[in-house]
Structures are given as C-alpha cells and as structure tokens.
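So the structure is just underneath, and the comments pick up after that.
What you are looking at is a predicted structure, and each value in this text was computed from that prediction instead of being measured.
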Amino acid sequence: MEILGLSLALLALFVSFGFMVGVLFGFFGMGGSFLITPTLLLLEYPASVAIGSGLAFYFGTSVIAVLKHYDVGQVDYKLGAILFVVLSIGIELGSRLVFGLEALGIANLVTGVAYVVLLAGIGALFLRRAYNLEDDDDDGDDDANDDEIPAIGQKIQSYTVPPMITLASGGRASVWTIGGAGGSVGLISGLIGVGGGFIRMPAIYYLIGTPLTAAVGTSLFAGLFSGAFGTFTYGMSGSVDLTVVSLLLVGSALGARIGSAATTMVDEDDVIVYFGLMMLFASGGIALSELANWLGTGALDMLSVFLLVGSSFFVALMILYKVFQSAGSGEPDAQTAPDGGR
C-alpha cells in the first residue's frame, strides 16, 4: 500500500526521522540537513534531489529558530547580512559544481567523501573543546566559560586587515575573514547539500570569533536566507522532493519544541560532547556506506545506516531522557545550551 507515492514504512520513517532531527535541531540550533541529505543518498535518491530536499528542510526548520533567537536578542544582524551575501555566492558555485559532477557520474562519491572528512573533523574539534573545558574545570579556572571566544578566534581577530566591522558581541573582525569563512561554508553547503549550520556555526565561533550563543543565533539568521536561496536554486531544476520535505517537517515541528525546551535542562559540557560524538558516528556511517558501494556488499550498507541514523536517535533519546528526568525531579533550569535557551 502506498500513500503519496511512498510505502507506509517510508512514511513512518520520514515522520519519525523528522521528529528526531527536530529534537536535535531545537537543542543544537542546527537544521539537521547534514543528516537528511546522506540518509536520502543511502535510500538511493539522486544526489541533486537529496541535496535540494536537505536544503528545503533546513529552510523550513530555520524559520522557527530565527524567530526564537530574535525574541532573546542573540543575533548579530550586521554580521549575518554580510554572511548571507557571501554564503549565497558560495552556494551558487557549489550547486553548479554538483551538476557538473553528476554529468561525470561522481557526484555521490564526492559528496560522501566530503561528508566523511567534514563530520569527522568537526566532531574531533568539539570533543577537543570539551576536553579542554574539563581540564580548565579541574584546574579551578573560574574564568573558563563555554561562551568565551576560543583562542584561535582571538588570534584571528588580532590581525586587523581593513575594512573592519564591530561585532554585536563587542569584538571586531575583518570583512576579509568574514568573506573567506562565509564563502567557504557556502561552497561546501551547495556542494554537499546542507544548510551549513554544522559548519557555519563553528566557523563563526572559531574563525570570526563570537560567543557561542551569538554564533548559533547569527548562524541561523544567515542560514535562513542562504537556505532559501539554495532551495530556490535546486527547486528551479526540479531537485526538491516536496513530499519527503513535508513529511520531515511534520515530525520536526513537535521535535523542535521539545529540543528547544531541553536547552535549559542539560549542562553545556554535555551538549558539546553529544554533538562531537554524533558528528564522529555520522562520519563513520557515511564512510562505511562509501566502502559498501566500492565493495558491493549490503552488510556494510546496513551498518552505515545504523551508525548514521542510530547515533542520531541515541543522542535525541538522551536529550529526551534529560527532559523527563528534569521534569520528574522538579529541578530548576540548568545552564543554557549553545542556542542560549531559546
């Protein structure tokens, strides 16, 4: 039996997957297209459709998040506007590159390899950050705070190459730094089909040098427009599956509200660890998928799906567990998570 051209199993999968991604989106402040696109690739959707649908899903979920961040003043609008311009240029170049790679028959391979490298690198970066924060706590460093600008961000900000702009957080950054970081993220977003939150937020945090809460809010603000631009670019070529996107958004609508509520109940150190581990497991899952395609074996393909989707479900369940635990104990709100407890 099929509904909307999909089997009941796929309908249930997309709605439940959307719910899980919604929880992660509400908690981490990222649209989840970094999970949607590779999952659609594993389900044998064409690369352009997987990428376009991932961007469309990101745009839909971002609208809610930007409104929440607007209410609590965690958006640097000047920085976000500049990022939107350079992100759009990068996405356009990336999308053109994808269609060129599809003509050569290597789009799926390039997309998969790019995911493996990026997810593993970002996961390792966040776990290293969590380890350093733990060392600071052990040393009794009262000045250590997740919301501080990382050392690399402070170092980059020390190079004053005009023109410079003043950030809402009080620091200053070169337009060249912003352009380079934003353009690179946009190119990657257009190439691998993500809204770019999982690379844009770390880029704003580590390279441009803003506090973590401001990085998340500004990332979502810039991503809202770049996601719309990317969706339009792929939609014009018929590369957005509206049925799949709609089902995902139905599930994510509820999940995002739960994830947002959880940001006041989970310690920030745990957030960084959860996110880093999720990135590493997702990287391993995609790597196994590429290996399965190369070896022509279905066993590795199933294991890759388990790692990619299973690790995300596990993290989402951990977040839900913290919510129910906190609600059951009647404890007051804990530290806010990176999205500033929207």
Determine all donor-acceptor pairs shorter than 3.5 Å in which one atom belongs to a side chain in residues 178-187; sequence neighbours excluded.
{"residue": "S184", "atom": "OG", "partner": "G180", "partner atom": "O", "Å": "2.8"}

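- The nearest pair of heavy atoms linking S237 to F99 is OG-CZ, 3.6 Å.
- Closest non-hydrogen pair, E102 versus S48, comes out as OE2-N, 3.1 Å.
- Side-chain contact between P162 and W176 is absent, with no heavy-atom pair separated by less than 4.5 Å.
- To the nearest 0.5 angstrom, T243 atom OG1 is 9.0 Å from L11 atom CG.
- Hydrophobic clustering (ILVMFWY, side-chain heavy atoms < 4.5 Å, transitive): M236 and Y234 are in distinct clusters.
- Residue T177 holds its OG1 atom at 12.0 Å from CZ of R172, rounded to the nearest 0.5 Å.
- Put simply, M318 and F324 are part of the same group of oily side chains (I, L, V, M, F, W, Y) that touch within less than 4.5 Å, one to the next.
- The environment of R96 atom CZ is sparse: at most 12 non-hydrogen atoms of other residues, nucleotides or ligands sit within 6.0 angstrom.
- The hydrophobic clustering, which links ILVMFWY residues whose side-chain heavy atoms are closer than 4.5 Å, places V175 and F84 together.
- Taking CG of L101 as the start and CD1 of I106 as the end, the distance is 5.0 Å to the nearest 0.5 Å.
- Of all heavy-atom pairs between G209 and L167, the closest is O-CD1, 3.8 Å.
- S53 places no side-chain N or O within donor-acceptor distance of the main-chain N or O of A50, the cut-off being under 3.5 Å.
- Under a hydrophobic-cluster definition in which Ile, Leu, Val, Met, Phe, Trp and Tyr are linked whenever side-chain heavy atoms come within less than 4.5 Å, directly or via other members, Y321 and V21 are assigned to different clusters.
- Surrounding CZ of F281 are at most 12 heavy atoms belonging to other residues, nucleotides or ligands under 6.0 Å away.
- In this structure, S239 contributes its side chain and V49 its backbone to no donor-acceptor pair below 3.5 Å.
- Taking every heavy atom of both residues into account, F313 and S16 meet most closely at CZ-O, 4.0 Å.
- Counting heavy atoms from C-beta on, the side chains of T210 and T218 never come closer than 4.5 Å.
- Taken from CG in L247 to CG in D241, the straight-line distance is 9.0 Å, to the nearest 0.5 Å.
- For Y45, the OH atom is densely surrounded, since the number of other residues' heavy atoms within 6.0 Å is greater than 12.
- In this structure, CD1 on I36 lies 4.5 Å from CG on L248, to the nearest 0.5 angstrom.
- Using a 4.5 Å heavy-atom cutoff, the side chains of L249 and S246 are not in contact.
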Point to revise | Test log, rule side-chain contact (heavy atoms from CB on, under 4.5 Å), inputs L40 and F14 | key: CA-CA 10 Å; L40 292 178; F14 286 134; 3.8 Å; yes
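- Criterion: ILVMFWY side-chain heavy atoms under 4.5 Å apart, direct or through other members. Under it, Y205 and Y77 are part of a common hydrophobic cluster.
- Side-chain contact between I204 and L79: present, with at least one pair of heavy atoms (C-beta onward) separated by less than 4.5 Å.
- Here D76 contributes atom CG and I208 contributes atom CD1; the two are 9.0 Å apart, rounded to the nearest 0.5 Å.
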Point to revise | Verdict with reasoning, E92 to T233, per side-chain contact (heavy atoms from CB on, under 4.5 Å) | key: CA-CA 7 Å; E92 176 64 22; T233 299; 3.8 Å; yes
